[in-house]
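Atoms considered below: every heavy atom in the structure, side chains included; atoms not considered: hydrogens, waters and symmetry mates. Just so you know, ligand 1 is whichever comes first in the structure, and atom 1 is the first atom listed for that ligand. FYI, the numbering just counts along the sequence from 1.
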Amino acid sequence: MVAGNWKMNKNLQEGIALATELKNNVKNPACAVVIGTPFIHLASVAEVLKGSPIQLAAENCADKDKGAYTGEVSAEMVRSTGAQYCILGHSERRAYYHETPEILKEKVGLALANGLKVIFCIGEVKEEREAGTQNAVVKAQLDGSVFHLTAEEWKNIVLAYEPVWAIGTGLTATPDQAEDMHRYIRSLVAEKYGQQVAGETTILYGGSCNEKNAAELFSNEDVDGGLIGGASLVADKFCAIIEARNNA
Ligand code: PEP
């Protein structure tokens, strides 16, 4: 899978233009392609993507089912736009909006209950990497928010390992650092759900992945694709990353 995460960058007209360009360029990908857009884009972009293999993700959803939560957008609302995925646990949501493992557990449950698949992000900050605690950090994030799921529910989970020190910084994990962590994550999934499920779990890498380094990152056995921020905002770059995944 190659998934884009547009974040707070495009207004509605710009978003529709980018989605249209992607639709025109991504006809027959050999991998799943998903674009994550702001809430306000979802319904319009879903319309643009009709007949396209590109799937659509929200970048968040509420931790409540429905009701008096001014400004929030529920998982059911997201699903009603035609989106198939929801990105949850992104480090920016954890850091700036104080989303705890418990809150994320609620969001994951609501997303799945409403028929959305979840791209669940995990990853350590720079100090944790420097202290050598990255494995424990990632394990705690999984334990806290998704490892309570049943094997049946797990089929709708995609993991994205995003070392926080690499997001939007131009610093990329080396292919070895990425592979080491992805192999570790897969071993945790195997402990929990068995070897076969672990083998079938999609584990994406995210963090300054771009059209230049994607092929090398994707050549690792346990790196199943990428979650792409900055480079997903330019159609040519995003398409080149999809191409890199197709050729991996
Ligand atoms: C992201 O935000 O998920 C991300 C990986 O961003 P970037 O590619 O810009 O580092």
Mind running side-chain contact (heavy atoms from CB on, under 4.5 Å) on Ile119 and Met1 for me, showing each step along the way? CA-CA 11 Å; Ile119 299 175; Met1 173 185 288; 4.1 Å; yes

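- Among residue pairs with one or both ends in residues 61-89, none qualify as side-chain hydrogen bond (donor to acceptor under 3.5 Å, both in side chains); sequence neighbours excluded.
- The SG atom of Cys209 sits 11.0 Å away from the CD atom of Glu216 when rounded to the nearest 0.5 Å.
- A search for ring-ring contact (aromatic ring centres under 6.0 Å, His included) contacts involving Trp154 returns Phe147, Tyr193, not counting sequence neighbours.
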Which is it for Ile185 and Val138 under the side-chain contact (heavy atoms from CB on, under 4.5 Å) test, yes or no, and what are the steps along the way? CA-CA 8 Å; Ile185 293 168; Val138 161; 3.8 Å; yes

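- Sorted by chain and number, the residues within 4.0 Å of ligand 1 by heavy atom are Asn5, Lys7, His90, Glu162, Ala166, Ile167, Gly168, Gly206, Gly207, Ser208, Leu227, Ile228, Gly229, Gly230.
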Mind listing the side-chain donor-acceptor pairs of residues 159-171 below 3.5 Å, one per line with the distance, residues two or more places apart or on another chain?
{"from": "Tyr161", "atom 1": "OH", "to": "Glu124", "atom 2": "OE1", "distance (Å)": "2.8"}
{"from": "Tyr161", "atom 1": "OH", "to": "Glu124", "atom 2": "OE2", "distance (Å)": "3.0"}
{"from": "Tyr161", "atom 1": "OH", "to": "Arg129", "atom 2": "NH2", "distance (Å)": "3.0"}
{"from": "Glu162", "atom 1": "OE1", "to": "His90", "atom 2": "NE2", "distance (Å)": "3.4"}
{"from": "Trp165", "atom 1": "NE1", "to": "Glu124", "atom 2": "OE2", "distance (Å)": "2.8"}
{"from": "Thr169", "atom 1": "OG1", "to": "Trp165", "atom 2": "O", "distance (Å)": "2.8"}
{"from": "Thr169", "atom 1": "OG1", "to": "Ala166", "atom 2": "O", "distance (Å)": "3.3"}
{"from": "Thr169", "atom 1": "OG1", "to": "Leu171", "atom 2": "N", "distance (Å)": "3.1"}

